[in-house]
Amino acid sequence: MIPILKEVMICLRAGRVTLPYPFKPMKAPDRFRGRPSIDGSKCIGCGACAEVCPPRLITVTDTGTTRCVSMDYSRCTYCARCQEICPVQSAQLTDDFEDATANRGDLKVSVELELVPCETCGKPFTTKRMLAKMSDEFNPPWLQEKFPVPDWFQLCPDCRLEKTGVALDRSVKHD
Ligand code: SF4
Ligand code: SF4
């Protein structure tokens, strides 16, 4: 009997050792890796995150003139590779750790982006935002007056190759 009483005394002296969560909200610690998200206002639809995601839970699908970047984070391993690779800080891990849900659809996010058509064949080939970023990086605005973005920027890879090939052929003939 005495050992049991001693044990009870020890427990009572220790007081409350558990946190009142979920009755009181809890904040995640700094640099916590929680639910991933895609910021639709920043995403350019490059698909880099889909390439590096180990469980392949990010998909990029083109339908007509729309590109859809979808993330089903029910299988996320919180590795943060999408965050590291994203060129515009759109894919980010948040500090949200409350993912429990009765509906798997709640664990999906998607972003829709407008595709631009190739100026020669009309086939949609990249997103408007991606083209704008490429133009800015290839030729920053302060340089564009002197050196405008070349015409082939508006072409799909096939037409671009064809056009560049023709140009090269001509230069070879002139030489
Ligand atoms: S954190 Fe890792 S597993 Fe989760 S979406 Fe990003 S790349 Fe994929
Ligand atoms: S989230 Fe980032 S890496 Fe993924 S498609 Fe959008 S811009 Fe590219």
Side-chain angles (χ1 to χ4, degrees), residues 19 21-22 25-144 147-161 163-164:
L19 297 169
Y21 180 81
M26 264 194 65
K27 204 180 164 303
D30 287 347
R31 304 182 66 212
F32 179 81
R33 291 182 180 191
R35 178 180 56 79
S37 80
I38 298 178
D39 184 343
S41 65
K42 290 184 185 169
C43 178
I44 58 172
C46 66
C49 53
E51 290 292 325
V52 298
C53 177
R56 297 271 178 234
L57 59 85
I58 304 173
T59 53
V60 179
T61 321
D62 289 352
T63 316
T65 55
T66 307
R67 172 166 294 175
C68 183
V69 182
S70 301
M71 184 188 262
D72 175 355
Y73 57 87
S74 57
R75 292 182 289 119
C76 182
T77 58
Y78 307 96
C79 65
R81 291 180 75 178
C82 54
Q83 178 174 295
E84 284 158 16
I85 199 85
C86 182
V88 290
Q89 290 77 50
S90 161
Q92 295 278 325
L93 265 64
T94 66
D95 61 1
D96 188 356
F97 54 87
E98 295 178 322
D99 283 346
T101 175
N103 179 8
R104 279 194 68 161
D106 294 344
L107 304 177
K108 287 183 185 160
V109 282
S110 60
V111 170
E112 292 202 341
L113 298 150
E114 187 185 341
L115 289 170
V116 280
C118 166
E119 277 192 353
T120 301
C121 68
K123 186 174 72 183
F125 69 104
T126 191
T127 65
K128 216 174 178 176
R129 285 186 188 167
M130 180 90 173
L131 201 61
K133 182 161 174 61
M134 278 163 53
S135 305
D136 283 353
E137 292 206 351
F138 180 81
N139 221 358
W142 54 270
L143 204 66
Q144 280 179 16
F147 303 101
V149 173
D151 292 347
W152 51 260
F153 244 79
Q154 309 290 335
L155 304 180
C156 70
D158 291 343
C159 294
R160 194 178 301 169
L161 183 66
K163 186 162 182 170
T164 314

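Counting starts at 1 for both ligands and their atoms, following the listed order.
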- Task: Check whether any heavy atom of Y78 sits under 4.0 Å from an atom of ligand 1.
- Result: yes
- Query: In terms of atom number and element, which parts of ligand 2 are under 4.0 angstrom from non-hydrogen atoms of V88?
  - Reply: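 Under 4.0 Å from V88, ligand 2 has these atoms: 7 (S).
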- Message: Among all the protein's non-hydrogen atoms, which is closest to atom 4 (Fe) of ligand 1, and how far away is it?
- Response: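 Nearest neighbour among protein heavy atoms for atom 4 (Fe) of ligand 1, to 0.1 Å: C76 SG, 2.3 Å.
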- Task: Identify, for atom 8 (Fe) of ligand 1, the protein heavy atom at the shortest distance, and state residue, atom and that distance.
- Result: C53 SG, 2.4 Å
What atoms of ligand 1 come closer than 4.0 angstrom to any heavy atom of [X]?
{"X": "A80", "answer": "1 (S), 2 (Fe)"}
{"X": "L57", "answer": "5 (S)"}
{"X": "P55", "answer": "3 (S)"}

- Task: Might you work through the side chain to side chain contact (heavy atoms under 4.5 Å, CB included) test for F125 and L115, ending with a clear yes or no?
- Result: CA-CA 7 Å; F125 69 104; L115 289 170; over 6 Å; no
Do the side-chain N and O atoms of [X] and [Y] include a donor-acceptor pair separated by under 3.5 angstrom?
{"X": "T94", "Y": "D96", "result": "no"}
{"X": "R67", "Y": "T127", "result": "no"}
{"X": "T101", "Y": "D106", "result": "yes"}

- Item | atom 2 (Fe) of ligand 1 contact by C79, N, O or S atom under 2.8 Å | yes
- Message: If you apply the rule side chain to side chain contact (heavy atoms under 4.5 Å, CB included), what do you find for V109 with S70, and how did you get there?
- Response: CA-CA 6 Å; V109 282; S70 301; over 6 Å; no
- When you look at L19 and M26, which way does the side chain to side chain contact (heavy atoms under 4.5 Å, CB included) test go after all the steps? CA-CA 9 Å; L19 297 169; M26 264 194 65; 3.8 Å; yes
- Below 4.0 angstrom, N of the basic side chain to O of the carboxylate: do D158 and K123 qualify?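 Salt bridge present between D158 and K123.
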- Query: Under 4.5 Å between any side-chain heavy atoms of R129 and L113, yes or no?
  - Reply: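 Yes. Closest side-chain heavy atoms under 4.5 Å.
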- Distance below 2.8 Å from atom 4 (Fe) of ligand 2: protein N/O/S atoms: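 Only C49 SG fall inside 2.8 Å of atom 4 (Fe) of ligand 2.
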- Task: Spell out, as yes or no, whether a donor-acceptor pair under 3.5 Å connects the side chain of E119 to the backbone of L155.
- Result: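 No: the side chain of E119 does not pair with the backbone of L155.
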- Expected output: side-chain R35 to main-chain F97 donor-acceptor under 3.5 Å: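 Checking the backbone N and O of F97 against the side chain of R35, no donor-acceptor pair under 3.5 Å is found.
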- V52 contact mode with ligand 1 (heavy-atom cut-off under 4.0 Å): neither
